[in-house]
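Encoded as structure tokens, the structure appears first; notes follow it.
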Protein chains: 2
Amino acid sequence: MAGDPPSRVTSLDVARRAGVSQSAVSRVFTPGASASKRTVEKVRKAAEELGYRPNVLARAMITGKSRIIGLVVAYLDNHFYPLAVERLSVELQRQGYHVLVFMASNTIGDVQSVMQEILDYQVDGIVLASVSMSSVLAGRCDDLGIPVVLFNRTQPDPRLASVVTDNHEGGRQIAHHLVAGGAARIGYIAGFEGASTQIEREAGFLEGLDEAGARLEFRGVGNFQHETARAAALEMFAGRDRPDAVFVCNDHMAFAVMDVLRAKLGLDVPGDVAVAGFDDVPIASWAAYDLTSFRQPLDAMVSRTVEVLMERIADDAVTPRRHTLQGELVRRSSTRPTEDRA
Amino acid sequence: MAGDPPSRVTSLDVARRAGVSQSAVSRVFTPGASASKRTVEKVRKAAEELGYRPNVLARAMITGKSRIIGLVVAYLDNHFYPLAVERLSVELQRQGYHVLVFMASNTIGDVQSVMQEILDYQVDGIVLASVSMSSVLAGRCDDLGIPVVLFNRTQPDPRLASVVTDNHEGGRQIAHHLVAGGAARIGYIAGFEGASTQIEREAGFLEGLDEAGARLEFRGVGNFQHETARAAALEMFAGRDRPDAVFVCNDHMAFAVMDVLRAKLGLDVPGDVAVAGFDDVPIASWAAYDLTSFRQPLDAMVSRTVEVLMERIADDAVTPRRHTLQGELVRRSSTRPTEDRA
DNA sequence: CTGAAAGCGCTTACAG
DNA sequence: CTGAAAGCGCTTACAG
């Protein structure tokens with residue numbers, strides 16, 4: 001009784017029952033293929049009765065198309081990524097693809113081995129969310145004709161397509177907003193130093209401050225992590241000599257910073273300190289935080305990612321490039337109101 | 001130039017270069033198989049030089065084991081699920097499996113069609129997180145010998161294994177805790193009425209109230225959704241006749257309720273109203289909420305889920321059952337302290 | 001439109 | 001330990 005290999009229904013079974021050839025069955029289940037109305041009927045009937053469904057794996061082996069997209073993601077505790085994963089899955093499902101998920105910590109070695117595993121599954125494309133990747137590996141994917149898209153991260157390698165928000169511009173607008181709100185002593189809490197998002201947001205912020213005649217006086221590193229951001233905030237704000245405005249490189253860390261400011265240090269936001277974040281994840285709009293943030297256009301990012309993927313799957317020759325989408329400053333009560341808005 | 005099908009390296013290529021048979025190559029890449037040291041060396045060398053890796057799909061077709069686990073999940077906005085997905089992926093990767101993600105809204109029809117797609121991929125097992133499933137479909141999976149595990153949900157069908165926290169006991173403890181804290185007028189905000197978690201938590205809560213000599217006076221429905229929970233809270237607390245304690249069926253909704261109470265209605269938590277949630281997601285411990293909650297033992301739930309899956313993959317005859325794990329009440333400042341704790 | 005045949009890249013009895 | 005051969009479940013030229 002135990003361990004009877006439950007024999008799956010194959011196309012040959014259906015063919016026999018329908019009184020046609022295996023080829024005919026295959027054609028009925030292949031969208032573009034030609035089959036007479038009569039054949040289609042017979043086959044559909046037999047398939048229905050037998051509970052037949054084509055084996056995707058077998059099909060994949062022949063066509064070379066698995067209709068699987070590999071998705072590598074590092075940490076799901078920043079709420080931006082679960083949402084991205086959700087939208088991406090839904091969008092890809094709609095197109096007849098499915099997502100094979102791989103968790104990777106952000107160390108290159110780990111990403112590398114995970115990528116190898118992905119390739120073993122003959123995926124049709126790869127999306128790297130929140131992780132970087134070595135150029136060597138990128139080249140290997142390229143040789144194999146497998147498109148790779150970096151999501152919310154960029155890299156100099158031109159063979160890598162990427163989809164990002166204009167992080168530089170976001171940082172710039174935050175700077176102007178803070179200064180316009182009367183910020184005089186300004187701080188910045190950085191994300192992981194190696195990340196392009198971190199680098200570009202900070203560069204934009206500094207440029208914005210410069211344009212506004214202000215400058216950065218405090219800097220801490222939160223590494224994109226809740227706990228580390230807490231510690232960074234504690235250090236930056238503990239003394240008497242502290243910022244009256246701080247830009248935190250993403251919302252996830254900004255929540256930690258606000259908690260420290262209010263609950264731990266008894267400071268008022270934005271009375272004592274204005275706080276701005278980046279991403280505009282849903283929590284940012286929750287009353288407990290009501291955080292001013294630069295919104296990443298998540299839906300547009302996801303759509304573009306899927307477009308890029310589909311385009312390159314259809315045509316190897318498409319040249320990968322960086323896709324920069326526009327974000328939007330969302331002003332909320334964690335920063336002081338500015339004149340141009342009054 | 002464009003569209004050269006990039007020919008992948010096959011086991012035959014490696015065999016030729018190593019001067020051995022295809023079988024030999026296969027054996028070298030099959031963990032248990034026997035091969036002489038010399039063969040192993042030659043093959044590994046040739047494989048390395050050619051950049052060969054076995055095609056998982058081809059292997060899957062023969063062995064009948066895809067090493068893919070299908071994961072169906074509904075909404076990723078409740079932070080409990082992203083974490084579950086993350087842990088599950090990591091744990092499964094460790095065991096040499098990978099997760100194919102399918103998003104499904106909670107309508108049965110949708111789950112059904114998604115399940116069909118999953119089966120097309122010849123998955124070795126299925127985890128349903130936060131969604132239910134028809135018995136018919138469950139039977140179909142069973143016939144195919146594909147184990148299904150419900151995660152954080154149960155159903156009467158005995159062919160379905162499930163892993164849950166003791167939701168009834170959780171509700172019970174919350175009731176005792178609220179009453180011990182002096183609650184006199186008690187409210188409950190329900191999740192989706194069809195969900196086993198909702199049903200069991202509420203039943204436990206009612207039983208606990210009864211034991212403590214109290215009773216439920218207010219009831220709203222939040223459907224496990226942020227917005228709906230807001231509305232329910234607004235309705236429940238708007239009048240003068242309102243609860244002084246409320247149990248919200250999960251943390252995700254409890255945050256919405258707290259926001260409404262404090263920001264919208266100007267009430268103090270727990271001064272005017274004590275609030276308790278369920279799950280103990282990370283945000284619950286953030287200072288802005290500091291929410292009393294019944295903790296689900298996420299790691300244990302994930303480990304158990306993987307165990308159950310592996311057990312049944314190894315042996316079809318294992319009888320599916322319900323696995324109920326113990327949770328733990330985490331008391332925080334959103335509820336009033338109780339004597340037994342002073 | 002349709003079927004017989006070959007083949008996708010691998011594994012697995014079967015002999016040796 | 002090793003190789004030749006068959007076969008997993010499908011698709012796709014190739015004839016008809």
Side-chain angles (χ1 to χ4, degrees), chain A residues 5-44 46-47 50-68 96 119-124 144-145, chain B residues 5-44 46-47 50-68 96 119-124 144-145:
Chain A
S7 71
R8 270 131 157 131
V9 181
T10 73
S11 61
L12 208 55
D13 297 328
V14 177
R16 277 198 272 263
R17 173 176 266 256
V20 299
S21 73
Q22 197 183 23
S23 321
V25 176
S26 174
R27 289 194 190 98
V28 170
F29 282 95
T30 305
S34 58
S36 70
K37 210 176 155 192
R38 203 167 137 47
T39 302
V40 171
E41 267 168 22
K42 284 192 296 185
V43 169
R44 289 228 177 280
L50 260 32
Y52 169 77
R53 301 210 105 215
N55 181 330
V56 174
L57 267 33
R59 174 178 288 171
M61 258 191 37
I62 298 168
T63 62
K65 298 287 156 209
S66 63
R67 301 197 78 82
I68 296 177
L119 293 177
D120 294 348
Y121 280 92
Q122 314 296 119
V123 297
D124 292 343
L144 262 37
Chain B
S7 70
R8 267 128 159 134
V9 181
T10 74
S11 62
L12 208 55
D13 297 327
V14 176
R16 276 198 270 265
R17 173 177 267 254
V20 298
S21 73
Q22 198 182 23
S23 322
V25 175
S26 174
R27 290 191 189 100
V28 171
F29 283 95
T30 304
S34 58
S36 72
K37 210 175 153 189
R38 202 166 136 48
T39 301
V40 172
E41 265 168 24
K42 283 192 296 187
V43 170
R44 289 227 177 280
L50 261 31
Y52 169 78
R53 301 209 106 215
N55 181 331
V56 173
L57 266 33
R59 173 179 289 171
M61 258 193 36
I62 299 169
T63 62
K65 298 285 156 210
S66 63
R67 301 197 78 84
I68 296 178
L119 293 177
D120 294 348
Y121 280 94
Q122 314 296 117
V123 296
D124 291 344
L144 262 37

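In the text below, chain A, chain B and the rest are named by the order of the sequence lines, each starting its count at 1.
Atoms NZ (B/K65) and P (D/dC8) sit 17 Å apart, rounded to a whole Å. Between A/M61 atom CE and D/dG7 atom C1' the separation is 11 Å, expressed in whole Å. Between the CG atom of A/L12 and the C1' atom of D/dT11 there is a distance of 14 Å, rounded to whole Å. Counting to the nearest Å, the P atom of C/dG9 and the CD1 atom of A/I62 are 10 Å from each other. One interatomic measurement links the two molecules: CG of A/D13 to C1' of D/dC8, which rounds to 13 Å at whole-angstrom precision. Nucleotide C/dG9 holds its C1' atom 12 Å from the CZ atom of B/R8, rounded to whole Å. The CG-P distance, from B/N55 to D/dC10, rounds to 17 Å in whole Å. Remark: P of C/dC10 and CZ of B/R53 are 12 Å apart, rounded to the nearest angstrom.
Listed nucleotides: C/dC10, D/dC10, D/dC1. Nearest to the side chain of B/S34: D/dC1.
Taking every heavy atom of both residues into account, A/S66 and A/D124 meet most closely at N-OD1, 3.0 Å. Considering all non-hydrogen atoms of both residues, B/V14 and B/A47 come closest at CG1-N, 3.9 Å.
For A/A18, the side chain to side chain contact (heavy atoms under 4.5 Å, CB included) test picks out A/V20, A/K42, A/V43, A/A46, with sequence neighbours left out. Every residue meeting the salt bridge (charged side-chain N to carboxylate O under 4.0 Å, His left out) condition with A/R17, not counting sequence neighbours, appears here in chain and number order: A/E49. Residues satisfying the side chain to side chain donor-acceptor pair (under 3.5 Å) criterion with B/T63, sequence neighbours excluded, are absent altogether. Scanning for side chain to side chain donor-acceptor pair (under 3.5 Å) contacts around A/R53 gives B/D120, with sequence neighbours left out. Taking the side chain to side chain donor-acceptor pair (under 3.5 Å) definition, one finds that B/N55 meets it with nothing, sequence neighbours left out. Partners of A/R59 by side chain to side chain donor-acceptor pair (under 3.5 Å), not counting sequence neighbours: none found.
Rounding to the nearest 0.5 Å places CD of B/E41 at 8.0 Å from CZ of B/R38. For the atom pair CG of B/L119 and CZ of A/R8, the computed distance is 8.0 Å after rounding to the nearest 0.5 Å. Separating the CG atom in A/L57 from the CD1 atom in B/I68 is a distance of 6.0 Å, to the nearest 0.5 Å.
Counting only Watson-Crick and G-U wobble pairs whose two key distances fall under 3.5 Å, DNA chain D forms stems of three or more stacked pairs at C:1-3 with D:14-16, C:5-12 with D:5-12, C:14-16 with D:1-3.
Within 4.0 Å (heavy atoms only), B/T10 reaches sugar-phosphate atoms of the nucleic acid but no base atom. Counting any heavy atom pair closer than 4.0 Å across all strands shown, B/T63 reaches sugar-phosphate atoms only and no base atom. Nucleic acid contact for B/F29: none, since no nucleic acid atom lies under 4.0 Å from a heavy atom of the residue.
Within residues 35-43 of chain B, the residues having any heavy atom closer than 4.0 Å to DNA chain D are, in order of number, B/A35, B/S36, B/T39. For residues 15-24 of chain B, proximity to DNA chain C is found at B/Q22, B/S23, defined as any non-hydrogen atom under 4.0 angstrom from a strand atom.
Contact annotation: the side chain of B/T10 approaches that of B/D13 to within less than 4.5 Å [non-hydrogen atoms, C-beta and beyond].
Residue pairs meeting the side chain to side chain donor-acceptor pair (under 3.5 Å) criterion with at least one partner in residues 20-35 of chain A, sequence neighbours excluded, are A/S11-A/Q22. Pairs engaging residues 12-40 of chain A under the ring pair (Phe, Tyr, Trp, His ring centres under 6.0 Å) rule: A/F29-A/Y52 [sequence neighbours left out].
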Protein-nucleotides 14-16 of chain D N/O pairs closer than 3.5 Å?
none

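Taking side-chain N and O atoms only, B/R59 has a distance below 4.0 Å to OP1 or OP2 of C/dT11. For D/dC10, the OP1/OP2 oxygens have a side-chain nitrogen or oxygen of A/Y52 closer than 4.0 Å.
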